[in-house]
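The block underneath contains the structure these notes are about, expressed in C-alpha cells.
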Amino acid sequence: MKDETKEVSMDGTERKGTSRRGFLTTTLAAGGALAGAGLARAQGAPDPLITEVQSWAQGWGDGVDATPYGLPIHYESDVVRRNVSWLTADAISSINFTPIHALDGTITPQGCAFERHHSGAIELSKADYRLMINGLVDTPLVFTYEDLERFPRVTRTFFLECAANTGMEWAGAQLNGAQFTHGMIHNMEYTGVPLRTLLEEAGVKPEGKWIYVEGADASSNGRSIPLEKAMDDCLVAFKANGEALRKEHGYPVRLVVPGWEGNMWVKWLRRVEVGDQPWESREETSKYTDTLEDGTSRKWTWVMDAKSVITSPSPQSPIKHGPGPLVITGLAWSGRGSIARVDVSLDGGKTWKEARLAAPGQDKALTRFYFDHVWDGSEMLLQSRAIDSTGYVQPTKTELRAFRGVNSIYHNNCIQTWWVKASGEAENVEVS
Ligand SMILES: Nc1nc2c(c(=O)[nH]1)N[C@H]1C(S)=C(S)[C@@H](COP(=O)(O)O)O[C@H]1N2
Ligand SMILES: [Mo]
C-alpha cells in the first residue's frame with residue numbers, strides 16, 4: 001500500500017515517504033521494546049515512591065549555608081581516588097587513580113583527579129610563592145603570584161596523562177578496573193599565563209634552546225623541555241576548572257605542558273632556567289625511558305600517543321540490568337592533536353562500528369564517546385579504538401608488543417579489552 005505523505009519532524013526538517021500511521025506504529029513498537037526492557041514501568045504494583053509522600057517532602061531541607069564549600073552527597077562516597085597498595089613502598093612517593101569508571105563528560109573534578117608526588121604534596125602560600133626565570137636571558141626575573149595575575153591570561157582545557165598509565169599491563173591483563181588500568185589521567189580547564197609571555201618578558205638569548213623547569217617540593221621534579229615547546233603552548237597555570245589549583249595539583253602555580261608526559265607538568269613551579277642544551281645530569285633520565293625488546297632504550301618520548309578506553313561497562317561498572325538498551329561510553333585522547341573518530345568493537349576487534357563523539361574532539365583534551373547499543377544479553381569482548389587528527393590509529397596490544405616488547409613501563413597506549421559476561425560483570429582480558 002502506497003501512502004506517501006509529508007511530515008515535519010521535531011527539528012523542522014521534512015520527512016518524506018513515511019505515513020503518519022507508519023511513523024506512529026514504529027514509535028510505538030520502539031516504545032514497547034523499551035518498556036519491556038525495563039526502561040519504563042507503566043504497569044504492575046503501585047510504586048510507593050510515586051504514590052506515597054516521602055520523608056524528604058515532609059520537612060525542611062538544609063539551609064543555604066550548611067556547606068559553604070560543598071562536597072559530593074554521601075551516596076557518591078565510593079567515587080574517589082584509589083591507590084594500589086603494592087605498587088609503591090609508601091604514600092609519599094606514590095600515585096593514585098582517577099575514578100574514570102564513575103565519571104561522565106570530560107572535565108575531571110580536582111577532588112578526584114589522580115595525584116602523583118615524588119616527595120609528597122607541599123603547602124605553599126600565594127604570599128610565599130616566587131617564580132624565577134634565569135640562565136640565558138637578557139634580564140633574570142622573579143615573579144610573585146600577584147605579578148603573574150597582571151599578565152594577559154588564557155583559559156584552555158588539556159589532559160594530563162602520567163607516562164606510566166597502563167604501565168602494569170604490558171606483560172598481561174593485570175588490574176581489574178578502568179580506574180586502575182587507565183586512571184593516571186585527568187582533564188581540566190586551566191587558566192594561566194602562556195610561558196612564552198614570561199620568557200619574552202625576560203628576553204631569551206639567541207643561544208637559548210632548552211629550558212629547565214623545577215618545583216618547590218623536596219624532589220623538585222626538574223625536567224628539560226625544548227624551547228620550541230615552551231614557546232608553543234605551555235601555560236603557567238594558577239586556576240583549574242575555574243578555581244584555585246588544589247594543593248595536590250601544585251597550588252598555587254603549576255606548569256601545563258599540553259599533550260606531553262605528566263612528569264613534565266611541574267607542580268609548585270619555582271624556576272625556569274634557559275640553557276643551550278638539556279640538563280641530562282640533573283634529571284632522572286634513566287627512569288623515563290622505554291626499554292625495548294632488544295635491550296636498547298627509547299628516551300625523550302614526550303608526546304602521549306592516541307589512546308582510548310571504555311569506562312562503562314567495565315569491571316567496576318558492570319551492567320546492572322538485563323538485555324536491551326545499553327549505553328557504552330568511554331574516553332579518547334591524543335597528545336598529537338584532537339580525536340577525529342572512535343570505533344567500538346563488541347567482538348574483540350573482529351568488527352568495528354563508529355561511536356558518537358559527545359562533542360567534536362578538542363586539541364590535546366579528553367573526548368567523550370558514546371555507543372548506543374541494544375544488548376542481546378550475550379557476552380562481549382568490548383574494545384575501543386581512537387583515531388586522531390594526524391590519522392594515527394591506536395594499536396592493538398599485539399601490534400604494540402611487536403614494536404615495544406614487554407619490558408617497558410611507560411607509553412602503553414594499546415587497545416583495552418573488557419570481557420563482559422552474560423551476567424553483566426566485566427573482566428580485564430587480552431585477545432590474541
Ligand atoms: N614538583 C613536582 N611536580 C610534579 C611531580 C612531583 O612529584 N613534583 N610529579 C609529576 C608527575 S610524574 C606527574 S604524572 C604529574 C601528576 O600531576 P597531578 O598530581 O596533578 O595528577 O605531576 C608531575 N609534576
Ligand atoms: Mo608521572
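Reckoned from all heavy atoms, side chains included, excluding hydrogens, waters and symmetry mates. All values reported here derive from a predicted model rather than from experimental measurement. Just so you know, ligand 1 is whichever comes first in the structure, and atom 1 is the first atom listed for that ligand.
Shown in contact with H117 at under 4.0 Å from a heavy atom are these atoms of ligand 1, numbered in order with element: 7 (O). Atoms of ligand 1 found under 4.0 Å from any heavy atom of E248 (numbered from 1 in listed order, with element): 19 (O). The atoms of ligand 1 that sit less than 4.0 Å from any heavy atom of W268 are 1 (N), 2 (C), 8 (N). Shown in contact with L160 at under 4.0 Å from a heavy atom are these atoms of ligand 1, numbered in order with element: 17 (O). Residue contact check: V266 has heavy atoms under 4.0 Å from atoms 3 (N), 24 (N) of ligand 1. Near E115, with a cut-off below 4.0 Å to any heavy atom, the atoms of ligand 1 are 19 (O), 21 (O). Remark: ligand 1 atoms within the under-4.0 Å shell around heavy atoms of D217 are 1 (N), 2 (C), 6 (C), 7 (O), 8 (N). Ligand 1 places these atoms under 4.0 Å from at least one heavy atom of C162: 14 (S).
In this structure a side-chain-to-backbone donor-acceptor pair under 3.5 Å is missing from N96 to R82. R196 places a side-chain N or O within 3.5 Å of a backbone atom of M231 that can act as its donor or acceptor partner. Listed for the H373 side chain is no donor-acceptor partner under 3.5 Å among the backbone atoms of I328. Proximity of a side-chain donor or acceptor of K229 to a complementary backbone N or O of P258 within less than 3.5 Å is detected. Looking only at distances, a side-chain donor or acceptor of S345 sits under 3.5 Å from a matching main-chain atom of T351.
Proximity of N221 to ligand 1, defined as any heavy-atom pair under 4.0 Å, is confined to the side chain (atoms from C-beta onward). Contacts between W265 and ligand 1 below 4.0 angstrom, taking non-hydrogen atoms only, involve the backbone exclusively. Within the 4.0 Å heavy-atom criterion, neither part of I95 lies near ligand 1. For M264, no heavy-atom contact with ligand 1 is shorter than 4.0 Å.
Taking the six-membered ring for Trp and the full ring otherwise, F158 and W333 have centroids separated by 6.0 Å or more. Taking the six-membered ring for Trp and the full ring otherwise, the centers of F238 and Y145 sit less than 6.0 Å from each other.
Comparing H249, R223, K267 by heavy-atom distance to atom 19 (O) of ligand 1, the nearest is K267.
Closest of all the heavy-atom pairs between F180 and F97 is O-CE2, 3.4 Å.
Remark: distances from the non-hydrogen atoms of S219 to ligand 1 include one below 4.0 Å. For the ligand labelled ligand 1, residue E214 lies outside the 4.0 Å heavy-atom shell.
S219 and N221 share no donor-acceptor pair across their side chains, judged by distance under 3.5 Å alone. T155 and T191 form a side-chain donor-acceptor contact under 3.5 Å, judged by distance and modelled atom types alone.
Note: an N/O pair closer than 3.5 Å links R116 and ligand 1 by distance alone. For ligand 1, the polar-atom distance check finds an N/O of H118 within less than 3.5 Å of one of the ligand's N/O atoms.
The aromatic rings of H117 and W268 sit tilted relative to each other, their planes meeting at an angle between 30° and 60°.
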